[in-house]
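Down below is the structure, laid out as structure tokens.
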Amino acid sequence: MANENMRRFFGGSPLGVIVRLLLLSVIVGFVLSFFTLDPLALVNSLVELARAIFDLGYGLLGSLWHYLLLGAVVVIPIWLISRYVQTRKQG
């Protein structure tokens with residue numbers, strides 16, 4: 001029963017949804033970064049973390065982390081709101 005509730009909330013397999021959200025976050029983060037948009041001031045502290053990782057020599061990992069966090073700030077809240085609205089429509 002709990003597993004079915006999780007699948008219904010996530011809109012499919014939780015792991016599959018998480019993977020899709022991560023990939024979408026990277027893509028959206030890349031686009032936002034390309035246009036030099038920062039959706040929230042909170043991202044600045046997360047970007048500093050990504051830069052610190054980059055400075056440690058992780059190069060690609062640091063850039064990917066930056067895009068992931070930047071995109072996730074937009075993607076995750078929109079996804080949560082859409083799931084909430086869809087759940088309300090069904091029930």
Next item on the list: Inspect the surroundings of OH in Y84 and state if more than 12 heavy atoms from other residues, nucleotides or ligands are less than 6.0 Å away.
Entry: no
Notebook entry, point to check: Is there a path from L15 to L24 through hydrophobic residues (I, L, V, M, F, W, Y) whose side chains come within less than 4.5 Å of each other?
Noted result: no
Checklist line | Which atom of S13 lies closest to which atom of R7, heavy atoms considered | finding: CA-NH1, 3.5 Å
Next item on the list: Begin from the C-alpha positions of L22 and L68 and carry the test side-chain contact (heavy atoms from CB on, under 4.5 Å) through to its verdict.
Entry: CA-CA 7 Å; L22 289 173; L68 172 69; 3.6 Å; yes
Check: In the hydrophobic clustering (ILVMFWY, side-chain contacts below 4.5 Å, transitive), which residues join I27, or is it alone?
Finding: none
Margin query: Tell me the closest heavy-atom pair linking P77 and A72, and the distance in Å.
Written below: CD-O, 3.5 Å
Checklist line | Contacts of type side chain to side chain contact (heavy atoms under 4.5 Å, CB included), residue I81, not counting sequence neighbours | finding: V85
Check: With the 4.5 Å side-chain cut-off for hydrophobic clustering, are V19 and L80 part of the same group?
Finding: no
Next item on the list: Could you check if a side-chain atom of I76 sits within less than 4.5 angstrom of a side-chain atom of L21, using non-hydrogen atoms only?
Entry: yes
Notebook entry, point to check: Would you call the rings of W79 and F10 parallel, tilted or perpendicular if under 30° counts as parallel and over 60° as perpendicular?
Noted result: tilted
Check: Should L23 and I18 be counted in the same cluster of Ile, Leu, Val, Met, Phe, Trp and Tyr side chains packed under 4.5 Å apart?
Finding: no
Item checked: R83 to G11 - nearest heavy-atom pair and separation -> NH2-N, 3.3 Å
